[in-house]
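This report refers to the structure that appears directly beneath it.
Predicted model, so just to flag it, every value in this text is computed and none were measured. The figures that follow rest on heavy atoms only: side chains count, while hydrogens, waters and symmetry mates do not. Note that ligands are numbered from 1 as they come in the structure, with each ligand's atoms numbered from 1 the same way.
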Amino acid sequence: MKYNQDVRLVSLRPKGDDRGKLIAIEENTESLPFSVKRVYYIYDTTPNVVRGKHAHRNLKQLLICTSGNCTIMCDDGVQRVEYTLNWPDKGLLIDGLIWREMKDFSKGSVLMVLASDRYDESDYIRDYGVFKEELLK
Ligand code: T46
């Protein structure tokens, strides 16, 4: 296939002491295997909304629910797997041509995303039929 396709849960190691916890994420490491060009976060989400519903051709992303919880459904064209992000030390790496939907956002949740590229609408596939066609290339 022309594109990468990989989804992986990663554990982020907190540095804890009696003051609380701190997580540091460095680029080009096992938990973040790319250089970060953009950070965005999703918050104040409308109840019961489903976001995403698209795939990316080349973008790599690390998703972390830094507060609250949400569910990420990932579809590689063969199977759909749901991942619950419910703690800041858990990340979901999504690389390439994966259809994704984000849902079940808890009240007050914040989904932070570290991305390998700047925003580029031409990298998006927002039509499921086109996504299936791209998988065959
Ligand atoms: C993804 C999931 C996890 C920008 O102007 N710059 C940006 O960096 C982003 C991400 C979005 N936008 C604009 C484009 C739309 O007008 O913000 C609006 C909402 O974006 P979108 O509908 O694509 O948001 P989601 O939550 O459906 O998807 C986002 C990311 O776009 C996507 O890359 O993988 O989160």
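Shown are K15, K21, R19; of these, the side-chain hydrogen bond (donor to acceptor under 3.5 Å, both in side chains) with D17 is made only by R19. With Y3 as reference, E134 is the one residue of H56, K137, E134 to meet the side-chain hydrogen bond (donor to acceptor under 3.5 Å, both in side chains) rule.
Considering backbone and side-chain N/O of L63, none are found under 3.5 Å from N/O of ligand 1. Between Y119 and ligand 1, no pair of N/O atoms sits closer than 3.5 Å.
Under 4.0 Å from ligand 1, not a single heavy atom of L111 appears. Contacts between H54 and ligand 1, counted as non-hydrogen atom pairs separated by less than 4.0 Å, involve the side chain only. With a heavy-atom cut-off of 4.0 Å, E101 does not touch ligand 1 at all.
Set against the non-hydrogen atoms of G52, the atoms of ligand 1 under 4.0 Å away are 25 (P), 27 (O). Using a 4.0 Å cut-off to heavy atoms of R100, the atoms of ligand 1 that qualify are 34 (O). Atoms of ligand 1 lying under 4.0 Å from at least one heavy atom of R38, given by number and element, are 7 (C), 8 (O), 9 (C), 10 (C). Near R126, the atoms of ligand 1 lying under 4.0 angstrom from a non-hydrogen atom of the residue are 23 (O). Within ligand 1, counting atoms from 1 as listed, the ones closer than 4.0 Å to a heavy atom of I42 are 26 (O), 35 (O).
Within a 6.0 Å sphere centred on OH of Y41, other residues, nucleotides and ligands contribute 12 heavy atoms or fewer. At most 12 non-hydrogen atoms from other residues, nucleotides or ligands lie less than 6.0 angstrom from CG of N48. More than 12 heavy atoms of other residues, nucleotides or ligands lie within 6.0 Å of OH in Y40, so this atom counts as buried by the packing criterion.
In this structure, atom 29 (C) of ligand 1 lies nearest to the protein heavy atom Y40 OH, 3.8 Å.
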